[in-house]
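Input: a single structure, listed below in structure tokens.
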Amino acid sequence: MGIPAEGVVVERADRIGRAAAYGAAAALVPYLVIKVSWVVGSLLGLLPVGRGFGLGGWLVLNTVTIAMAAAGITLGLALVRPLTGAGIIRTLARDARDR
């Protein structure tokens, strides 16, 4: 067995990285859905607000954690397709080569 060509090794690492990034984003989706459902349900009076918090403080705390989950999902997806100038050029070159 010979040593794999550099392009093959990079392509395999790219696929593994993409899978990890999609996995990280997907892992946060259930948390985000449950959190948003809990906040909406509490605001509608269907679920209790956490003990020791007033509605305003509770809402701020939960809004921050929702934003953190959304940022985690965004970061995971950004790692799949980086939007840097070099990343765009490499992606366009790879897509043109594959056609």
Side-chain angles (χ1 to χ4, degrees):
M1 225 190 226
I3 298 174
E6 184 178 325
V8 175
V9 173
V10 170
E11 187 175 311
R12 181 173 180 216
D14 187 46
R15 277 185 287 176
I16 292 169
R18 286 174 190 253
Y22 279 128
L28 282 169
V29 169
Y31 173 79
L32 183 63
V33 169
I34 290 168
K35 190 68 146 174
V36 169
S37 300
W38 182 36
V39 170
V40 170
S42 293
L43 290 175
L44 295 175
L46 303 173
L47 298 169
V49 173
R51 289 185 195 167
F53 289 100
L55 181 60
W58 181 86
L59 190 58
V60 168
L61 177 65
N62 282 289
T63 301
V64 168
T65 58
I66 287 170
M68 289 169 56
I73 292 169
T74 302
L75 177 62
L77 295 176
L79 291 173
V80 174
R81 285 281 196 195
L83 297 178
T84 63
I88 291 171
I89 292 169
R90 279 194 302 270
T91 300
L92 292 174
R94 183 175 49 230
D95 290 347
R97 183 189 70 224
D98 292 344
R99 286 185 187 157

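Atoms considered below: every heavy atom in the structure, side chains included; atoms not considered: hydrogens, waters and symmetry mates. Bear in mind the structure is a predicted one, so any value in this text is a computation, not a measurement.
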Legend entry - Heavy-atom pair of closest approach, residues Ala21 and Gly76: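 Smallest interatomic distance, heavy atoms only, reads CB-O, 3.1 Å.
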Would a single hydrophobic cluster contain both [Y] and [X], if residues Ile, Leu, Val, Met, Phe, Trp and Tyr are joined by side-chain heavy-atom contacts under 4.5 Å?
X     : Y     : result
Leu77 : Leu28 : yes
Val29 : Tyr22 : yes
Val60 : Trp58 : no

Legend entry - Counterpart residues, side chain to side chain contact (heavy atoms under 4.5 Å, CB included), relative to Leu44 (two or more places apart):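 Val40, Leu46.
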Legend entry - Pairing residues for Leu75 by the side chain to side chain contact (heavy atoms under 4.5 Å, CB included) criterion, not counting sequence neighbours: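 Partners of Leu75 by the side chain to side chain contact (heavy atoms under 4.5 Å, CB included) criterion, ordered by chain and then number, come out as Leu79.
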Name every donor-acceptor pair, under 3.5 Å, that has one atom in a side chain of residues 31-39 and the other anywhere in the protein, sequence neighbours excluded.
unit_1: Lys35; atom_1: NZ; unit_2: Asn62; atom_2: OD1; d: 2.6
unit_1: Ser37; atom_1: OG; unit_2: Val33; atom_2: O; d: 2.8

